[in-house]
Amino acid sequence: MEDSERKMASLPRGLALLRDPQFNKSTAFTESERETLGLLGLLPEGIDSEEAQIQRVHLQLSQKPNDLEKYIYLSQLQDTDETLFFCVLMSDPVQFLPLVYTPTVGEACLQFGHIMRRPKGLYLSIKRKGRVREILRNWPQRDVRFIVVSSGQRILGLGDLGANGMGIPIGKLALYTACAGVPPQYSLPILIDCGTNNETLLRDPLYLGLRQTRPPIAQLDEFVEEFITAVQEEFPSCCVQFEDWAGTDAIRLLARYRDRICCFNDDIQGTAAVALAGILGALRTTSGKLSDQTFLFLGAGSAAIGISGLLTEEMMLEGLPAEDARARLWLFDINGLLETTRNDLADFHKPYAHRHSPTRDFVAAIESIKPTAIIGVSTVGKAFNQRVIEAIARINRRPIIFACSNPTSHSECSAEEAYRWSEGRAVFASGSPFSPVLLNGKTFVPGQGNNIYIFPAIGLAVYATRARRVTNEMFIAAARAVAERVTPAELDAGLIYPPVSTILDTELHAAARVAEVIFARGLARVPEPKDIAQFVRAQTYKPEYHLLG
Ligand code: NAD
C-alpha cells in the first residue's frame, strides 16, 4: 500500500484533520467531506476554491510590513495547509522563493529564537549522544528519503548561528518540492546541535540551542558517525544532504561519506554545479571552450574547492589530462595566492598551488595569471573593486565575472559595478539577486547562480530512481542540462541561467539527465524505464487537493 493510501485509510477526522498539514484543505473542504469527516460547524459555511484560497494568501501577504513577516506567515501556512503552501510557492516562484529561502531565510535564521512559533524537523543535540537512533524513531514518517542536515556553523555568509541554523534545512527541503516536485512527505530537516561559538546567541535569553561552545573535531565526527549509522538503519533509502557546515568540516565529512552512503554537500557540489552551469552558459555567450579558459578564484574555501574539482572533471571530459586542467585553476585566499612556497595550505589546496612568486595583491595576480574568469567565493563584500574589474576587463574582450558570495552585502561586486567598470563587456553572475542594469541604452539582465537550479533536480532524480550514490558525474549532467535551457534571446540580454519563472521545467529536464546517468552507472534501485524523462515526471508532487472521505 502506498504511503498516502495508508494515511488515507487512517485519515484523521474533525479538528485533528484540520490540524494535519498534509491533508488539511481548510476552507476548501467540500460539502460531502464536511459531512463524512466530522467537519460540520468547524468551518464557516463558505466553500473556497483553491484559487480563492490563493487570493486570500496574496491579500494577507500584501498586508505584512516586511519580508520576515511574510516568511513567518508562509511558515505558518506550511504548518497548517501544506498543499496550499506549495500551491502558492509554485504559482509564482520568482515572487515566493526569495521569501522562503535566500535572502529572507538569512534574516529568519538570525532571528530564529525570536520568531519561533511551532517547531519543525528534528534537533539532534550532542547532549543526546548514544540516543540518535531513538530520536530518529520519534519522527512520524518511516519512509524518509531526504534529510537536509546542518551543524548551523556557517549559515549562508552569516557565520555560526548554532541551532538558529534550522531555518536552512527547512527552507532547502521546501525548495526540493517547490522547484522540482519532490513529494514533501518524504523529507526531514535536521539540525545537529553541538553548541555555538556565537557569543551574542549564547547571551540571548531567547536562544533555543544548546548553551555551550562547540566541541573538538573528534567529538563532532563521532557524533556525525552515530547519526549517519542511525540514518542507514532507520531510513535505508534516504539521501543525506549536508548543508552549511563549516568549510573544513564540510570537506572532511563529504570525503568520508560520499562513497559510503547516498549523500552530497550542496555548498560544495551544488554550488560547483551551479557555477559550472553558469560558466557553460557564459561560454555560449563568448563562444569559448572550457578547456581554453583560465580561472582565478577569490576564496579557497569549500565553494572554491568544489567548483575547482568539478571544472577539472569537466575539462577532463573535454580531453585535458587532470594536471593540465588543474593548471588552469588558480586560487587566492585571505593569505594571498595559493602557490608552491606557501606552507599554510591544507591537502585539498595543494593541487591548485602552482609555481608563482608569492603575492597578496589580487590585481597583480590577475595581471600575471591573465585569467579569462574571476570567481568570487570569499565572503568579502566589494572585494572586486574598480581596479580588479578594470584589470580583468583589460585582458579579456568578454571577461567572465562571478560574484558568488551571499548575502547581497557580501557580494564581491554588484551587477552595476561589473557592467560599468567593464564598459558593458562583463559576462556577470552573482550568488545574490541583482536587478537589471541600464547602461548606455542597453539593459543587462544579470544571472543569479542560485543553487536552486541544481539540487532539486538531483533530489528528484535520486528520489525517482532510488539512487544508491550521488556522484560528480550527476552534478555535471545537471549543470549541462541547465546551461542548455538558456534561450539565445536570454543569452543576448546577458542571462546565462534560465529564468526562475520556468524553474520547474528546467529542473524536470535536468532531473531526467541526472537519472540517465544514474541508470547508466547502475546506481538505480528501480528497473530502467523506456522513457526516463516521462518516468521522472510521473513521480512529481502536484500541489492539488484530493477528494477525501
Ligand atoms: P569558506 O568560509 O569555506 O571560504 C571562504 C574563503 O575566502 C577562505 O578560503 C578564505 O581564506 C577566503 N577569504 C576570506 N577573506 C578573504 C579576503 N579578504 N581575501 C581573499 N580571500 C579571503 O566559505 P565557502 O563555503 O567557500 O563560501 C564562500 C561564499 O560563497 C559564501 O559567501 C557563500 O555564501 C557563497 N556561496 C554561494 C553559493 C551560490 O551562490 N550558489 C553557494 C554556496 C556558497
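Counting from 1, the numbers follow the sequence of the chain as shown. Whatever order the structure lists them in is the order used to number ligands and atoms, beginning at 1.
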message: Using salt bridge (Lys or Arg N to Asp or Glu O under 4.0 Å), reason through E225 and R256 one step at a time and then give a plain yes or no.
response: CA-CA 10 Å; E225 177 65 24; R256 182 166 304 158; 5.9 Å; no
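Close approach of ligand 1 to G431 (heavy-atom distance below 4.0 Å) involves ligand atoms 40 (O). For ligand 1, the atoms closer than 4.0 angstrom to any heavy atom of G449 are 39 (C), 40 (O), 41 (N). Under a 4.0 Å criterion applied to the non-hydrogen atoms of V380, ligand 1 contributes the atoms 15 (N), 16 (C), 17 (C), 18 (N). Near A300, meaning under 4.0 Å from any of its heavy atoms, are these atoms of ligand 1: 6 (C), 8 (C), 9 (O).
When hydrogens are left out, the protein atom nearest atom 43 (C) of ligand 1 is T271 OG1, 3.0 Å; that is the closest non-hydrogen contact. The nearest heavy-atom contact from the protein to atom 12 (C) of ligand 1 is G299 CA, 3.8 Å. Of all protein heavy atoms, the one closest to atom 26 (O) of ligand 1 is A303 N, 2.8 Å. For atom 1 (P) of ligand 1, the closest non-hydrogen atom on the protein side is G301 CA, 4.0 Å. Atom 31 (C) of ligand 1 has its closest protein heavy atom at T379 CG2, 3.5 Å. Of the protein's non-hydrogen atoms, the one nearest atom 34 (O) of ligand 1 is N406 N, 3.2 Å. For atom 28 (C) of ligand 1, the nearest protein heavy atom (residue, atom name, distance) is V377 O, 3.3 Å. Closest protein heavy atom to atom 39 (C) of ligand 1: N451 OD1, 3.5 Å.
Nearest approach of Q269 to L310, heavy atoms of both residues: O-CD2, 4.4 Å. Nearest heavy atom pair, residue T341 against residue P358, reads OG1-CG, 3.8 Å. Among all heavy-atom pairs drawn from T372 and I392, the shortest one is C-CD1, 4.2 Å.
A salt bridge links E367 with R394: the distance from a Lys NZ or Arg NE/NH1/NH2 to an Asp or Glu carboxylate oxygen falls below 4.0 Å.
Note on ligand 1: R154 sits in its first shell, one or more heavy atoms being nearer than 4.0 Å. Using a 4.0 Å heavy-atom cutoff, L298 is listed among the residues neighbouring ligand 1.
The distance between the ring centers of Y176 and F455 falls below 6.0 angstrom. For F475 and F264, the ring centers sit closer than 6.0 Å to each other.
In terms of polar-atom proximity, D267 is not counted as a contact of ligand 1, lacking any N or O under 3.5 Å from an N or O of the ligand. The N/O atoms of I334, backbone and side chain alike, include one that comes under 3.5 Å of an N/O atom in ligand 1. Every N/O-N/O distance between N450 and ligand 1 stays at or above 3.5 Å.
Judged as a side chain to side chain donor-acceptor pair (under 3.5 Å), the pairs with a partner in residues 501-511 (not counting sequence neighbours) are, in order, E484-H509.
For the residue pair H349 and D344, no side-chain donor N or O sits within less than 3.5 Å of a side-chain acceptor on the partner. Side-chain contact of R258 with N472: a donor-acceptor pair under 3.5 Å is present, judged by distance alone.
Of all the listed residues (C404, S430, G278, A250), C404 holds the heavy atom that lies closest to atom 37 (C) of ligand 1. The closest non-hydrogen atom to atom 30 (O) of ligand 1, taken over G376, A383, S405, A272, comes from S405.
How far CD1 of I452 is from OH of Y497: 11.5 Å, rounded to the nearest 0.5 Å.
Applying the salt bridge (Lys or Arg N to Asp or Glu O under 4.0 Å) criterion to R485, with sequence neighbours excluded, gives no partner residue.
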